[in-house]
Amino acid sequence: MKSFKKVAIIGLGLIGGSLGQRIIKKIPDLKVIGIPRRSVTIRQAKEKKAIHYGTLDIKAGVRQADLIIIATPIDLIIPKFKQIVKELKKGAVVVDVASTKTNIVLEAEAMCPSGVFFVGGHPMAGLEKTGIEVADHKILEKATFVLTKTKNTSGKALNEMIHFVKKLGMKPLILKPAVHDFMVAAISHLPYLVAVSLAGTVEEMKEYRKQLGILMAGGFRDTTRVASSAPRWGKEVASTNREQIIEVLNLYQKKLQTIRRLIDHRKFREIERLFTAAKKYRDTLYK
Ligand code: NAP
């Protein structure tokens, strides 16, 4: 199997920068070209050993690359792909890292000229902070890296990506874009919405604001952590994964209504059973 020789990363924020660092650490033969939008980011990325060199000229930057990683905010993935698609060399593989996949994969595949291969990607790791400043290859350690497969996906390009992901010390998981989107609606987007609504609910209890701040302990901090994620990310996820999010919100609403009804009707034995089932499930995770 062919190994990539040159990788270009478009967008050097938390994910692009962390991937760059990880590539340099784990695959030292691979040259990493960084393509951010500001020259200061090139300097920062070099200092953080996330790239070998950088350029602001996106077209020149991708010409020699045999792997191109697009790591910009979700709504810029397709515009960036459009900008580079005619510049790519034969055999080039393009992967993105966006948190939602259906629309991006559909549009990118429709734009791919022959000899250029698009594979949708999503590293399942992150932070509630953004930017090259917080990039850190350790967040990707043993993390799952979703790669999408459709009827148009090149088997060869997918295999090259699987090989690449494994070399990074990450775990490839092959999913159809729609299946990915439904599952991340449940395990990523719903937790964000729960954290946001929880933080928002308490924030509105204005008369207790000061005392609440003193009272808060680990439970509130842990449960609301992802409410600090970039609002732009939240907006893009809501707009690109709307139907799947509505579906899981309906399921969640039903669960909340059950809990509310049991408390309201003093069905405390039943509610303990519900808590026990949730604890049992949660205790099997993150082992
Ligand atoms: P980020 O830290 O904000 O990085 C985004 C990068 O894109 C920054 O380098 C930013 O440049 C650049 N950018 C913004 N606007 C641009 C433009 N108009 N032209 C060129 N570059 C531009 O965000 P991130 O968290 O790495 O997210 C990037 C992607 O990863 C998103 O698609 C997101 O869905 C996905 N993702 C995020 C997470 C997570 O936990 N954060 C996890 C998995 C996947 P500046 O530095 O100049 O602002």
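Whatever order the structure lists ligands and atoms in, that order sets their numbers, starting from 1.
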Peer 1: Test of understanding: with salt bridge (charged side-chain N to carboxylate O under 4.0 Å, His left out), list the residues that count as partners of Asp181, not counting sequence neighbours.
Peer 2: none

Peer 1: Could I get the full list of side chain to side chain donor-acceptor pair (under 3.5 Å) partners for Asp57, not counting sequence neighbours?
Peer 2: none

Peer 1: Hey, what do you get for CD (Glu203) to OG1 (Thr201), rounding to the nearest 0.5 Å?
Peer 2: 10.0 Å

Peer 1: Any protein N/O atoms within less than 3.5 Å of an N/O atom in ligand 1? List the atom names and distances, or say none.
Peer 2:
residue	atom	partner	partner atom	Å
ligand 1	2 (O)	Leu14	N	2.8
ligand 1	2 (O)	Gly131	N	2.7
ligand 1	9 (O)	Leu12	N	3.1
ligand 1	9 (O)	Leu12	O	3.4
ligand 1	9 (O)	Gly13	N	3.2
ligand 1	11 (O)	Arg37	NE	3.4
ligand 1	15 (N)	Arg37	NH1	3.4
ligand 1	19 (N)	Lys80	NZ	3.3
ligand 1	26 (O)	Leu14	N	3.3
ligand 1	26 (O)	Ile15	N	2.9
ligand 1	32 (O)	Thr72	O	2.8
ligand 1	34 (O)	Ser99	N	3.2
ligand 1	34 (O)	Ser99	OG	2.7
ligand 1	40 (O)	Leu127	N	3.4
ligand 1	46 (O)	Arg38	NH2	3.3
ligand 1	47 (O)	Arg37	NE	2.9
ligand 1	47 (O)	Arg38	NE	2.7
ligand 1	47 (O)	Arg38	NH2	3.2
ligand 1	48 (O)	Arg37	NH2	2.8

Peer 1: Do Lys48 and Glu133 meet the salt-bridge criterion of a basic N to acidic O distance under 4.0 Å?
Peer 2: no

Peer 1: Looking at Asp75 and Arg232, is any side-chain nitrogen of the basic one under 4.0 Å from a carboxylate oxygen of the acidic one?
Peer 2: yes

Peer 1: Tell me who clusters with Val202, hydrophobic residues only, linked when side chains sit under 4.5 Å apart either directly or through other members.
Peer 2: Leu198, Met205, Tyr208, Leu212, Met216, Phe220

